[in-house]
2 protein chains.
Amino acid sequence: MCFKFKGMITLTEENYIKAIYQLGKYGTVTVSTNSIADALDTKASSVTDMVKKLAEKDYLNYKPYQGTSLTPKGKKIAADVVRKHRLWEVFLVEKLNFSWDEVHEIAEQLEHIKSEKLINELDKLLDYPTHDPHGDPIPDKYGDIKKTDKILLFSLTENAKGVCVGVKDTSSAFLKYLDKHNIALGSEIKVLSREDFDDSMVIQIDGVTMSISQAVANNLFVKEKG
Amino acid sequence: MCFKFKGMITLTEENYIKAIYQLGKYGTVTVSTNSIADALDTKASSVTDMVKKLAEKDYLNYKPYQGTSLTPKGKKIAADVVRKHRLWEVFLVEKLNFSWDEVHEIAEQLEHIKSEKLINELDKLLDYPTHDPHGDPIPDKYGDIKKTDKILLFSLTENAKGVCVGVKDTSSAFLKYLDKHNIALGSEIKVLSREDFDDSMVIQIDGVTMSISQAVANNLFVKEKG
DNA sequence: ATATAAATTTAGATTAATCTAAAAATTAAT
DNA sequence: ATTAATTTTTAGATTAATCTAAATTTATAT
């Protein structure tokens, strides 16, 4: 039976801390009550309650009406959860034949499993991956995360070239769209032209020419080349 | 974010159903309120409440003061949880270098992960194992479980021979004792003599002679040979 | 600078799972 | 067949996480 320690963090608390970590760009900026409520699909009043509780426990800095930021203790918890989430995603894709549009929901569950040995062995089994299947960086066991200089494809100018390194929207619908059009991490992209009217753009992707909407360009991360 | 369906079973409910399944010999007999309370380390009054709720939802048959048994629906839920628990245990031992005394607690967490594809792919990765690292049978995806004719080592008479096929006590302490004395699943055992005074016995295990206490003999399952 | 809008917090209620203590039913013992 | 012991259930409270609705604070816009 799963013993409970005093001061053991609950699943709900972990989810709040993770949301604050991600909304606050890996714990570097303050986030608003409403943005947390949106992210967790809950009400602002619930967020206020929880945020006060987590501040009490020293996971958060909180000043009423001024938003919330993570303490170092909170940041470590969050980084661990994100690390687990992303390692499990790699596992699902690499070892269990999942595609990148299927892994998110399951990783949401697996990220809460508590066992240091488990996650370290998983890391080893997967040969210490640095990024998850969507191109997001995996925090190391100390909670440090390597931020890459990725930019949105939408911000590339005409004739600029880049490599696809990540997605912003990780919804199944978007990822399936990318699969259908053979857009994957590592694809070489060149912007052929941009359309002012609807902000669509024509690109060449691994040699193939296609037109993409603003919605797509605003959810694909690239690393600009040269 | 983990969506909630109406009628989705909670973690607590799953734990009750699993306990009733195991206490009632894989759902074949009725179990008492107190035995459930013991197994789940909770109070009888809590069990009554939960059992009424689960009966309402058609997972259990319940008559006040007469104990509880699983409905087919409850039995399927329970078998699925046990299947997941045991498959994850195999995974931890086979793929992540855990020893059999370390896996139980983690599997208690992993058994609640909900994804049919996940568990079927795991099954495939592990090459469809039939037993977990402690020798317990793994229910198939239809919830059917193969009961073996294993008996306690304590019930063997002098000069009887058998093979070790399972453990009753899966505590880390007991499993470490077995490791220390090179007793493992598959070990060949012969009873050399029994001691009336303290119910200990002298056995030969894979050719090595040793004495074991009643506590040990009552927690080792064997399959008798000829 | 003041009014209005938006964001946030408080107050009070609700639900799930639990508990303690008391009451009721069942079982065991003389 | 009563009494005593045990088991189980009920009644009422508690805690965590949530909600609605009202109050308050901060930001925005003339």
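Throughout, protein chains are lettered first and strands after them, A, B, ... in sequence-line order, and every chain is numbered starting at 1. In what follows, every heavy atom counts, from backbone to side chain, and hydrogens, waters and symmetry copies are set aside.
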Worksheet item: Can you tell which of C:dT26, D:dT8, D:dT10 lies closest to the side chain of B:Asn34?
Response: D:dT8
Worksheet item: For C:dT9, does either OP1 or OP2 sit under 4.0 Å from a side-chain N or O belonging to A:Tyr62?
Response: yes
Worksheet item: Does a side chain donor of either B:His85 or B:Asp132 reach within less than 3.5 Å of an acceptor in the other side chain?
Response: no
Worksheet item: Could you state the NZ-C1' distance from B:Lys63 to C:dA25, rounded to the nearest angstrom?
Response: 16 Å
Item to complete: Measure across B:Val90 and B:His131 and return the closest heavy-atom pair with its distance rounded to 0.1 Å.
Response: CG2-O, 3.7 Å
Practice prompt. State whether the side chain of A:Glu102 and the backbone N or O of A:Ser99 hold a donor-acceptor pair below 3.5 Å, judged by distance alone.
Written response: yes
Discussion item. Between the side chains of B:Lys114 and A:Glu105, is the shortest nitrogen-to-carboxylate-oxygen separation below 4.0 Å, so that they form an ion pair?
Written reply: no
Worksheet item: If only side-chain N and O atoms of B:Thr33 are considered, is one of them under 4.0 Å from the OP1 or OP2 phosphate oxygen of D:dT9?
Response: yes
Item to complete: Could you tell me the separation between the CE atom of B:Met8 and the C1' atom of C:dA16, rounded to a whole number of Å?
Response: 15 Å
Worksheet entry | Range-with-range stems for DNA chain D, at least three Watson-Crick or G-U pairs under 3.5 Å | C:1-30 with D:1-30
Discussion item. Rounded to whole Å, how long is the line connecting atom CG of A:Leu11 with atom C1' of C:dA16?
Written reply: 15 Å
Fill in: Residue pair A:Ser45 / A:Thr48, side-chain donor-acceptor N/O under 3.5 Å
no
Practice prompt. Specify whether B:Phe174 and B:Tyr177 have parallel, tilted or perpendicular ring planes, treating 30° as the upper limit for parallel and 60° as the lower limit for perpendicular.
Written response: parallel
Worksheet entry | Nucleotide C:dT8, atom P - distance to CG of A:Asp38 in whole Å | 10 Å
Worksheet item: Nucleotide by nucleotide, 5' to 3', does protein get under 4.0 Å of the base (B), only the sugar-phosphate (S), or neither (-) in nucleotides 18-23 of chain C, counting heavy atoms?
Response: BBBB--
Practice prompt. State whether A:Glu89 and A:Arg86 are salt-bridged, where the test is any N-O pair (Lys NZ or Arg NE/NH1/NH2 against Asp/Glu carboxylate O) under 4.0 Å.
Written response: no
Practice prompt. Test ring pair (Phe, Tyr, Trp, His ring centres under 6.0 Å) on A:Tyr59 and A:Tyr21 and set out the steps.
Written response: CA-CA 11 Å; A:Tyr59 295 118; A:Tyr21 182 69; over 10 Å; no
